[in-house]
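Presented below is the structure to which this report refers.
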2 protein chains.
Amino acid sequence: MVTSRDVARVAGVSQSTVSYVMSGRRSISAETRKRVLDAIEQLTYQPNAGARALASQRTQVIGLVVPFGPGADTAGLLPFIETIASCARAEDHDVLLVTTDEGAAGLTRLAGRALCDAIVLMDVEADDARIPVAAALKVPVILIGVPDDSAGLHCVDMDFTLAGTLAVDEIAALGHDRVVLIGHAADVIERDINFVRRFQRGAAAAAARHGIGYSVVAPVPPGTAGAREAVERALDGGGRPGVVVPNSQAVAPVLHALIERGVVPGRDTSLIGLCTDAAAEATTPAVTNVSLEPRDVSRRAMEILFRLLDRGGEPPAQLVELIRPRLTRRETTLPAP
Amino acid sequence: MVTSRDVARVAGVSQSTVSYVMSGRRSISAETRKRVLDAIEQLTYQPNAGARALASQRTQVIGLVVPFGPGADTAGLLPFIETIASCARAEDHDVLLVTTDEGAAGLTRLAGRALCDAIVLMDVEADDARIPVAAALKVPVILIGVPDDSAGLHCVDMDFTLAGTLAVDEIAALGHDRVVLIGHAADVIERDINFVRRFQRGAAAAAARHGIGYSVVAPVPPGTAGAREAVERALDGGGRPGVVVPNSQAVAPVLHALIERGVVPGRDTSLIGLCTDAAAEATTPAVTNVSLEPRDVSRRAMEILFRLLDRGGEPPAQLVELIRPRLTRRETTLPAP
DNA sequence: CTGTTAGCGCCTTCAT
DNA sequence: ATGAAGGCGCTAACAG
């Protein structure tokens with residue numbers, strides 16, 4: 001292993017000078033700097049992360065707690081992880097992965113062993129036992145998701161209320177006189193009360209504002225059979241209700257159940273899904289969707305996190321920050337009247 | 001921050017005794033051990049990872065290089081990551097995420113800065129520029145995927161040849177007199193030559209053995225339109241060819257294009273996809289599939305990796321290890337004759 | 001069975 | 001503008 005002392009020897013300077021050249025925390029003569037940089041290149045020196053962390057009390061690592069493990073909502077997770085990793089690297093940090101199934105222990109481990117400088121906590125539930133633990137840590141934490149009580153922690157999430165509003169606004173604009181939400185699976189309702197509640201609140205308010213009918217079919221069992229049954233119930237009321245599916249998992253099954261039933265979205269009725277754009281474009285036909293914009297959410301989360309880390313920048317005053325969703329018209333909604 | 005010296009003080013022992021109690025590398029009297037453990041609990045002591053790494057030359061971290069970034073085959077990645085993370089934790093290790101778009105630099109960073117003890121390199125291509133770099137590192141590396149030249153590195157992958165064989169064996173057993181592979185997108189063919197080549201070799205050999213017709217439709221442009229066109233070409237030859245789709249992305253579009261065309265898999269013909277079981281069950285109808293078993297591949301990779309790390313266990317003699325795929329009959333294949 | 005001690009490689013305050 | 005030196009918290013000889 002090549003150390004900064006080796007570099008110092010080759011460059012003919014002291015070890016501390018090498019350190020200062022790397023950190024730039026002291027002015028160095030052009031000539032000395034060059035000799036040091038040349039030596040670094042020649043030896044392909046790289047600083048030892050452990051030693052640096054020990055001496056500087058900074059690991060240059062972001063802890064990322066992701067919802068793996070049994071019963072985790074793992075769909076659409078990758079864009080989050082990918083964006084977070086990319087943002088971290090842009091600030092010369094790495095990402096250490098911890099899974100949700102470790103629970104609060106994962107958090108205390110990250111902080112207690114000084115494995116990271118800051119933590120991103122994903123898949124936060126309405127009443128999440130990890131929140132108080134996270135709030136007591138000495139490292140900055142950012143939540144993705146909005147708990148009932150964020151205990152003073154910053155959080156970023158999709159604006160699900162607005163998502164519900166956008167979807168129902170569109171349904172109303174297309175001339176439907178009622179809208180049916182074909183909702184979440186039972187376990188999601190159990191866990192993410194906040195998420196579901198927020199979307200439904202926005203949808204219901206929009207429906208009332210437009211004076212159109214509003215009903216919810218939930219829970220929806222996963223898979224084809226569950227979708228068929230839900231579609232039956234949705235169409236029970238007669239007419240051609242606009243259908244909103246606030247559940248990525250269920251979008252494709254519901255779409256196909258409708259087609260099977262002879263009610264083709266885009267021709268006979270309108271279907272709007274709540275899912276990523278990629279998922280929306282993967283079905284046949286492509287579904288009009290309200291996108292969760294995981295990349296925007298993650299990017300904003302990392303922005304806040306690094307502001308929390310830099311003693312320079314001020315973190316945003318408001319704790320809860322909601323990212324605007326976006327509706328994209330595709331093939332499953334009627335043409336505008 | 002609470003250190004092992006604090007623990008030592010509270011327990012009334014020397015600092016090194018605390019260290020030895022934790023590592024178990026020396027016999028300690030029951031009474032002393034208890035006093036130390038009590039103090040650890042009382043102070044909720046956790047060892048500093050950086051200090052430990054510096055002193056022991058072991059980080060307890062596994063570097064995981066994942067195919068994020070532009071043009072990466074990101075589908076079905078989560079089961080790999082999840083399994084790798086879980087296996088790592090089972091051996092008291094953490095996982096540091098590095099993305100493919102860093103290229104070989106990511107590898108040298110992981111090793112050069114002593115960020116990890118070993119590396120899992122995913123999404124290895126047939127002719128991968130990172131292989132020679134990885135082989136020159138001083139940390140153990142395991143590849144997921146088989147390059148043309150593994151440069152002495154261990155690798156684990158699906159047995160794609162066998163996957164092709166299984167799929168065509170089934171098509172033949174169902175009485176079809178020819179099989180069409182509706183293949184990969186152009187970019188995948190460009191990148192993963194090995195993967196495609198292996199599957200096709202297995203499929204072609206099986207077709208020849210059974211004396212049935214064999215043809216390939218590729219490249220297949222992504223999305224609905226590409227699938228429709230591919231299906232047209234596949235059906236061109238007349239009759240009811242068995243269809244094999246060795247591309248998770250294309251399975252659903254091809255399925256729906258067939259149905260749209262009035263050729264319903266499971267009734268009029270047979271469709272077999274190469275994809276995860278989860279993906280196979282998500283479509284309507286559920287597709288008969290050959291599964292990639294990402295969990296088995298990852299588990300085996302981690303097994304080998306930890307054997308490489310332990311100076312005790314011997315790593316397997318053979319460098320390339322192929323995991324057997326499994327065919328699961330679902331709704332898109334004809335009933336057995 | 002336990003304590004003392006010498007680093008691990010780097011950062012940073014002093015001193016010049 | 002540069003060196004010298006102490007210490008970050010821990011492991012692992014070395015000495016009893």
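A, B, ... follow the sequence lines: proteins, then strands. Residue 1 opens every chain.
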Need one value for Ser16(B): base, sugar-phosphate or nothing, where a base atom within 4.0 Å counts as base even if backbone is also close, heavy atoms only.
base

Using a heavy-atom cut-off of 4.0 Å across all strands, would you classify Thr32(B) as base, sugar-phosphate, or nothing?
sugar-phosphate

Mind calculating the distance between CZ (Arg58(B)) and C1' (dA12(D)) to the nearest angstrom?
15 Å

Give Val13(B) one of three labels, base, sugar-phosphate or nothing, depending on what nucleic acid heavy atoms sit under 4.0 Å from its own.
sugar-phosphate

Please confirm whether any donor atom in the side chain of Tyr20(B) sits under 3.5 Å from an acceptor in the base of dT4(C), or the reverse.
no

Is Glu102(B) paired with Arg109(B) through a side-chain N to carboxylate O contact shorter than 4.0 Å?
yes

Whole angstroms only, please: what is the CD-P distance between Gln57(A) and dT12(C)?
10 Å

Could you tell me the separation between the CZ atom of Arg113(A) and the C1' atom of dG9(D), rounded to a whole number of Å?
13 Å

In whole angstrom, give the distance that lies between atom CG of Asn48(B) and atom C1' of dG7(D).
13 Å

Whole Å only: how far is the CZ atom of Arg35(B) from the C1' atom of dG3(C)?
14 Å

Give, for atom CG of Asp101(A) and atom CZ of Arg89(B), the distance between the pair rounded to the nearest 0.5 Å.
9.5 Å

Using whole Å, what does the distance between atom P of nucleotide dG9(D) and atom CZ of Arg9(B) come to?
12 Å

Of Arg26(A) and Met22(A), the one whose nearest nucleotide on DNA chain C sits closer to the 5' end is Met22(A)

Considering just the side-chain nitrogens and oxygens of Ser4(A), establish if one lies under 4.0 Å of OP1 or OP2 belonging to dG9(C).
no

Gap between atoms CD and P, on Gln15(A) and dT13(C) respectively (whole Å):
15 Å

State whether Arg299(A) and Glu303(A) are salt-bridged, where the test is any N-O pair (Lys NZ or Arg NE/NH1/NH2 against Asp/Glu carboxylate O) under 4.0 Å.
no

What is the distance, to the nearest angstrom, from the CG atom on Leu54(B) to the P atom on dC8(D)?
13 Å

Between the base of dG7(C) and the side chain of Arg5(A), is there any donor-acceptor pair under 3.5 Å?
no

Using a heavy-atom cut-off of under 4.0 Å over every strand shown, decide if Ser56(B) touches base, sugar-phosphate, or nothing.
sugar-phosphate

Donor + acceptor pair across side chains of Thr17(B), Ser14(B) (<3.5 Å):
yes

Going by modelled atom types, is there a donor-acceptor pair between the base of dC1(C) and the side chain of Glu31(B) at under 3.5 Å?
no

Ser14(A) side chain near dA4(D) phosphate (N/O to OP1/OP2, under 4.0 Å):
no

So for Arg25(B) and dT11(D), does any side-chain atom that can act as donor or acceptor lie under 3.5 Å from a complementary atom in the base?
no

Check: Ser16(B)/Ser19(B) side-chain N/O donor and acceptor closer than 3.5 Å
no

Taking only side-chain nitrogens and oxygens of Thr17(A), does any of them come within less than 4.0 Å of OP1 or OP2 of dT2(D)?
no

Does Ser19(A) make a side-chain donor-acceptor contact with the base of dT12(C), cut-off 3.5 Å?
no

Among dC10(C), dG3(C), dG9(D), the one nearest any side-chain atom of Met1(B) is dG9(D)

Taking OP1 and OP2 of dG9(D), is either one under 4.0 Å from a side-chain nitrogen or oxygen of Arg52(B)?
no

Between Lys34(B) and Asp38(B), is the closest basic N to carboxylate O distance under 4.0 Å?
yes

